[in-house]
There are 2 protein chains.
Amino acid sequence: MDSDELNRFIESWGSMGILWGINRSMARIHAFLLISEKPVDSEEISTSLNISRGNTSMCLKELRNWGVIQRVNISGDRRDFYTAEPDTWKMLYRIALGRKTREFDPALHALRHLLAETDTAESEKVHERLTQIEEILTTMDHFIDRFLENEEKSKTILGFFKNFAPR
Amino acid sequence: MDSDELNRFIESWGSMGILWGINRSMARIHAFLLISEKPVDSEEISTSLNISRGNTSMCLKELRNWGVIQRVNISGDRRDFYTAEPDTWKMLYRIALGRKTREFDPALHALRHLLAETDTAESEKVHERLTQIEEILTTMDHFIDRFLENEEKSKTILGFFKNFAPR
DNA sequence: CACTCCATTCAGAAACTATTGAAAAATAGG
DNA sequence: CCTATTTTTCAATAGTTTCTGAATGGAGTG
């Protein structure tokens, strides 16, 4: 494995973190764990990625909260070791669930409240526009819910997605 | 239309902006245009939302670049007026396209490079994990591409999404 | 219980992003 | 081509997030 490629992967995973709402250091650490064969300890992470011990510890804690990494014990060793969640699906829906709860849901709620209060007659155009957005967001909402329901369902959805892959 | 509800909508649309990678002011202005019956000028936006003229101007420019708002002329009036893109779908895929290009694509590229360089024998476990992620991201990539292709296709996909709505 | 080793916390520093407001540029009318 | 009005730019500032490293805590060991 070429170390340039490894670094490129770590860094671009770091940038993609924004998409999931995870900061750069967290995402880099996550990438590092993804490409580590064996569980690694915080010292190794810290020196390999040039992130201070303190920050490393905080990021690891956060990543554990997200459920995308696991802490493992190696008998005869006092240190804590970490490894990436082996179930990629589980990892992805934990990330998706977090974003949905924090950002998507409140906006959809506010939009519904607003629609409930809005008089159609008062402004036909605005009402229609908002209704359209509400419809789209609601549909996405159900879609994401299904995705999050459980592993089996998600696998179905992956198959589903695949209908759109180029023949 | 209740003004509390309007504000709640504006503010929560502002928070949801992070999801699209649009900053708070931009998203608030966008929300304001969404709920405005007639085109509004920058003065009105600025005073209604308490955003300086300068910042308002920059946000409007950005929003135009994103293609989610339009500038309109009102004859006999020197000022520029703005209105939200009336086609909600167009609006959504412009936003999605931006994020995909900026964050998703580079990460997928790096992952593929890495996989190409990785020897399966060297680390079975890592290789499998990365392959799994690559597969998922690729599928998502195609899915998003289809979504972005054109309006017709998107409408089909909306119907598709709906299969997952509760009966 | 004293020592060692590692993990965690947290206040301040650094880096980054968003916002302002004054100045400059553009536009239209006379 | 001058004036009035609106838009845009940009340097300075405010605000926010992330990161560091020293201090603190805690767990195992002799």
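In what follows, every chain begins at residue 1, and chains take the letters A, B, ... in the order their sequences are listed.
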### Task
Using the salt bridge (Lys or Arg N to Asp or Glu O under 4.0 Å) rule, collect all pairs that involve residues 103-115 of chain B, keeping only residues at least two apart or in two chains.
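As it turns out, the salt bridge (Lys or Arg N to Asp or Glu O under 4.0 Å) pairs with a partner in residues 103-115 of chain B, which skip direct neighbours, are R99(B)-E103(B), K100(B)-D105(B), R112(B)-E134(B).
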
#### Entry: All pairs passing salt bridge (Lys or Arg N to Asp or Glu O under 4.0 Å) where residues 17-33 of chain B contributes a residue, at least two apart
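Residue pairs passing salt bridge (Lys or Arg N to Asp or Glu O under 4.0 Å), neighbours aside: E11(B)-R24(B), E11(B)-R28(B).
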
### Task
Can you sort out which residues in residues 59-68 of chain B have a heavy atom within less than 4.0 Å of DNA chain D? Ascending by number, please.
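Output list: K61(B), R64(B).
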
### Query
For R129(A), what residues pass the side chain to side chain donor-acceptor pair (under 3.5 Å) criterion, not counting sequence neighbours?
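None.
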
Whole-Å gap separating [atom2] ([N]) and [atom1] ([X]):
| X | N | atom1 | atom2 | value |
| --- | --- | --- | --- | --- |
| I18(A) | dT18(D) | CD1 | C1' | 14 Å |
| D77(B) | dA4(D) | CG | P | 19 Å |
| E43(A) | dT4(C) | CD | P | 19 Å |
| N73(A) | dA27(D) | CG | P | 13 Å |
| I74(A) | dC6(C) | CD1 | P | 13 Å |
| N50(B) | dG15(D) | CG | P | 14 Å |
| R79(A) | dT8(C) | CZ | P | 14 Å |
| I51(B) | dG15(D) | CD1 | C1' | 15 Å |

### Task
List the protein contact pattern of nucleotides 21-30 of chain C with one symbol per nucleotide (5' to 3'): B for base contact, S for sugar-phosphate-only contact, - for none; contact means a heavy-atom distance under 4.0 Å.
B------B--

Sequence neighbours left out, what passes side chain to side chain contact (heavy atoms under 4.5 Å, CB included) with [X]? Give chain and number order.
| X | result |
| --- | --- |
| S46(B) | R53(B), T56(B) |
| E85(A) | Q70(A), D87(A), K90(A), M91(A), R94(A) |
| D41(B) | E43(B), E44(B), R79(B), F81(B) |
| H109(B) | none |

### Message
For the OG1 atom of T131(B) and the CG atom of L111(B), what is their distance to the nearest 0.5 Å?
### Response
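The OG1 atom of T131(B) sits 8.5 Å away from the CG atom of L111(B).
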
### Query
Partners of F9(A) by ring-ring contact (aromatic ring centres under 6.0 Å, His included), sequence neighbours excluded?
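ring-ring contact (aromatic ring centres under 6.0 Å, His included) check on F9(A) returns W13(A).
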
### Query
Is a side-chain donor or acceptor of S36(B) paired with a backbone partner of P39(B) at a separation under 3.5 angstrom?
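Judged by distance alone, no pair lies under 3.5 Å.
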
### Message
Side-chain N or O of S42(B) versus OP1/OP2 of dT7(D): is the shortest distance under 4.0 Å?
### Response
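Indeed, a polar side-chain atom of S42(B) lies that close.
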
### Message
For dT8(D) and R71(B) - does any side-chain N or O of the residue sit under 4.0 Å from the phosphate oxygens OP1/OP2?
### Response
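It does, given that an N or O in the side chain of R71(B) lies less than 4.0 Å from OP1 or OP2 of dT8(D).
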
### Task
Any chance you could pull the hydrophobic cluster mates of I18(A), using side-chain heavy atoms under 4.5 angstrom and chaining through other members?
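Direct or chained contacts put I18(A) with none.
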
### Task
Name every residue in residues 22-31 of chain A that has at least one heavy atom under 4.0 Å from any atom of DNA chain C, in order of residue number, or write none if there are no such residues.
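Correct list: empty, so none.
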
### Task
Tell me what D41(B) touches on the nucleic acid: a base, only sugar-phosphate, or nothing, going by heavy atoms under 4.0 Å.
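Nothing, no nucleic acid heavy atom in range.
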
